[in-house]
Amino acid sequence: MSNEIQLTIDGKSIVAKLGQTIVEAARDNNVYIPTLCDFKNLTPAGTCRVCSVKVDGRVVVACGTRVASGMVVENESAEMTDTRKAIIEMLFVEGNHMCPTCEKSGNCELQAIAYHYRITAPRFPFLFPKKSLESVHPLLMLEHNRCIQCRRCVRGIRTKDGKGVFAFKNRSNNIELIMDKSRADDIDDELAAAAANICPVGAIIKKGVGFSTPIGERTFDKQQIGESYGK
Amino acid sequence: MGKKITIEPITRVEGHGKVTIKLDDDNNIVESRLHIVEFRGFERFVQGRPYWEAPVLVQRLCGICPVSHHLAAAKAMDVVVGAGEGNGLTPTADKVRRLMHYGQIFQSHVLHFFHLVSPDLLFGVDGDPATRNIVGVAQQFPELATQGVMMRKFGQEIIKATSGKKIHGTGAIPGGVNKCLTKEDVDNFLHGADPLNIDKMISWASDAVELFKDYHLKNKKFIDEFAYFPSNHLSLVRKGDGALELYDGVLRAVDADGKIILNDVDNQEYHHHIAEGVKSWTYMKFPFLKHLGKEKGWFRVGPLARLNVAEFIPSEKAQREFELFRAYTHGKPNQSSMHMHWARLIEVLHAAEEMKRLLLDPDLTKGDLMTTGTRKGEGVGIIEAPRGTLFHHYKVDPQDHITMCNLIVSTTCNNEPMNQAVNWVARNVIAGNEKVPEHMLNQVEVAIRAYDPCLSCATHAMGKMPLKISLEDQSGNILDEVIKG
Ligand code: SF4
Ligand code: SF4
Ligand code: FES
């Protein structure tokens with residue numbers, strides 16, 4: 001039996017491999033579904049909800065849902081686009097994002113997705129939560145104002161002997177990223193850079209490198225997010 | 001029963017000004033004051049932020065000269081990261097930053113003169129307010145207006161090439177720059193299609209100086225006497241030879257006779273020599289030289305002060321104009337507020353010549369960008385912004401957070417001088433008048449505009465300057481009210 005199946009995304013028929021997630025299948029077929037918490041080989045966490053699509057009338061996260069034969073996926077419908085924009089806007093108002101002075105600007109996936117959807121102002125009121133900028137390591141700062149709790153760092157950053165470095169404390173509105181200080185000695189330049197890079201926003205800062213990439217050379221100066229996908 | 005005239009220009013958010021003039025029963029001036037409500041929140045705002053954010057964050061203080069703040073903050077942080085002052089940077093970083101700075105001086109001075117000041121000169125300070133604006137200039141002197149627009153564009157393109165954006169770029173970072181220029185950039189600036197090339201800019205800058213000199217010749221009394229008052233003058237000069245230096249130098253001041261009263265002070269030591277006084281009626285501080293005290297120690301900054309303090313200008317054409325400028329006051333400091341425009345245009349010419357010199361330098365397109373060194377907990381960066389000396393002072397903790405920020409902006413330095421200029425207008429133009437016609441009010445603004453476009457530019461640039469003038473008795477009853485706009 002072939003492990004290839006057929007499904008449709010926005011009416012377009014595509015072929016996917018059994019066991020793939022909708023996001024993976026879409027990517028292989030040149031269809032853009034925006035993601036934030038989903039990252040390369042990490043187990044999907046489904047924390048950001050930005051990849052929300054409608055399958056058989058139900059809203060699901062595309063990064064955590066496996067394809068099935070004959071599946072009908074609604075990705076870019078007016079309704080799903082609006083839902084997605086609302087989710088992105090919530091991510092903005094729940095933090096304190098000042099893009100003009102943020103060193104992640106131009107390399108930030110949240111900002112890039114907001115540009116992609118031409119979001120100019122959120123429909124929700126800003127919550128202006130009281131959050132801080134914390135120096136946690138000689139090489140690292142955590143800018144809690146910008147963390148979207150995607151857990152990419154929690155899942156993806158490990159010391160050489162495989163121990164996690166980041167975690168969350170508290171729940172709900174008080175949730176906050178922490179760094180395990182007992183791992184401090186294991187964080188070298190390379191791991192610090194990897195931590196800053198895995199963060200889709202400017203919440204993990206590698207000290208002293210801010211703004212060293214000139215405008216024009218930043219990731220999304222060269223190509224907007226989702227732009228490499230054909231229609 | 002005394003009276004009070006209030007002039008309240010509705011201006012841009014970063015600087016809001018109001019003038020009050022108190023008259024006694026015979027319409028003699030009792031006192032005049034310029035109140036500037038300045039937004040000082042930035043000093044608090046940057047506290048706790050990482051030090052490398054300062055150059056990007058603090059430039060948002062000003063929409064007209066953000067590059068000056070960007071560079072002053074970067075210079076302070078050069079000291080913090082141990083790259084040293086000015087000459088500690090790599091040749092490429094130093095030259096890219098200088099080019100950025102001269103592009104900024106060029107475009108800001110051009111905006112100041114062509115867009116904001118030329119209407120007063122071309123139509124007269126008492127000209128019809130309906131045409132006495134940049135729109136009127138564009139209609140009646142289209143060539144001049146085009147020059148203003150294209151020169152500004154050239155300066156902005158220089159800023160974009162060096163900082164990534166025409167406004168609020170990121171080029172300067174602690175210890176250096178994040179980019180150098182491409183050969184194409186340089187080629188474009190040197191040989192671009194007319195008029196956007198450096199030779200055209202130099203020739204137009206020369207024309208602008210001539211235009212002013214010609215106007216001066218025909219309007220000697222006004223240009224020489226309007227808002228004239230003696231003062232001290234302070235500026236950076238090049239270390240060693242006292243040449244005009246806008247990007248990095250030592251602090252020098254001269255008194256009204258030209259005697260040196262502050263001799264080549266290192267940037268990091270500024271606070272031993274300069275203090276800021278406060279007065280009950282304004283939030284804006286009054287900087288002064290400590291050893292002379294508040295009463296005698298205030299000084300002017302900006303183009304006039306720079307040309308009064310400098311020994312010479314290290315560029316050929318500007319130096320020739322500098323010699324004429326200095327000869328006019330027999331080598332003594334020039335005290336005429338309106339000569340600020342003369343000095344400004346000589347600086348436009350100097351900036352154009354400097355840009356050409358830098359554009360011809362191969363370091364601009366290759367070489368190391370960054371310098372590192374031993375971290376320090378504190379840094380001062382001083383630069384000559386278009387409007388005058390600008391001080392940035394930061395303390396940074398070992399975890400890289402900014403813990404203290406002190407900014408002394410050019411407008412603050414010129415606080416007392418602008419008050420003096422307004423006072424001159426009150427005593428020489430307004431005194432003895434029961435009603436204050438538009439042209440008199442405009443002269444208050446002409447006096448302020450000589451120093452600072454930020455207080456009066458935004459609305460004027462659009463061809464309108466809404467003003468509220470109220471004549472009050474001492475109990476605050478409005479006797480007369482005029483709305484100009
Ligand atoms: S993290 Fe991204 S969205 Fe947030 S301020 Fe920075 S650039 Fe903007
Ligand atoms: S720090 Fe960055 S990677 Fe980690 S949870 Fe927050 S946003 Fe995600
Ligand atoms: S990418 Fe799917 S939930 Fe975040």
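Quick note: numbers below take in every heavy atom, side chains included, and nothing from hydrogens, waters or symmetry partners. Order of the sequence lines fixes the chain letters, A, B, ..., with proteins taken first and strands second; residue numbering starts at 1 for each chain.
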Kindly provide each donor-acceptor pair between chain A and chain B shorter than 3.5 Å, listing atom names and distance.
from: A:E103; atom 1: OE1; to: B:W52; atom 2: NE1; distance (Å): 2.6
from: A:E143; atom 1: OE2; to: B:R49; atom 2: NH1; distance (Å): 2.8
from: A:E143; atom 1: OE2; to: B:R49; atom 2: NH2; distance (Å): 2.8
from: A:R146; atom 1: NH2; to: B:E53; atom 2: OE2; distance (Å): 3.4
from: A:K207; atom 1: NZ; to: B:Q399; atom 2: O; distance (Å): 3.2
from: A:F211; atom 1: O; to: B:N178; atom 2: ND2; distance (Å): 2.9

| said: Check this for me: A:Y115, atom OH, are more than 12 non-hydrogen atoms of other residues, nucleotides or ligands nearer than 6.0 Å? | reply: no
| request: Side-chain contact test, heavy atoms from C-beta onward, threshold under 4.5 Å: evaluate it for A:I88 versus A:Y117 and give yes or no. | output: yes
| query | For the candidates A:V209, A:I205, A:L133, which exhibits the highest count of non-hydrogen atom pairs separated by less than 4.5 Å from chain B? | reply | A:L133
| Side-chain heavy atoms of A:N75 within contact of A:M80, under 4.5 Å | no
| remark: Residues at least two apart in sequence or cross-chain that pass side chain to side chain contact (heavy atoms under 4.5 Å, CB included) with A:C51, listed by chain then number, are A:V23, A:I33, A:T35, A:V61, A:A62, A:C63
| Heavy-atom distance under 4.5 Å to chain A: side chain of B:L57, backbone, both or neither? | both
| query | Excluding sequence neighbours, so at least two apart, what forms salt bridge (charged side-chain N to carboxylate O under 4.0 Å, His left out) with A:D185? | reply | none
| query | Is it true that a side-chain atom of A:D82 and a backbone atom of A:A78 form a donor plus acceptor pair closer than 3.5 Å? | reply | no
| message | Suppose we screen for ring pair (Phe, Tyr, Trp, His ring centres under 6.0 Å). Which residues come up paired with A:F128, at least two apart in sequence or across chains? | response | A:F126
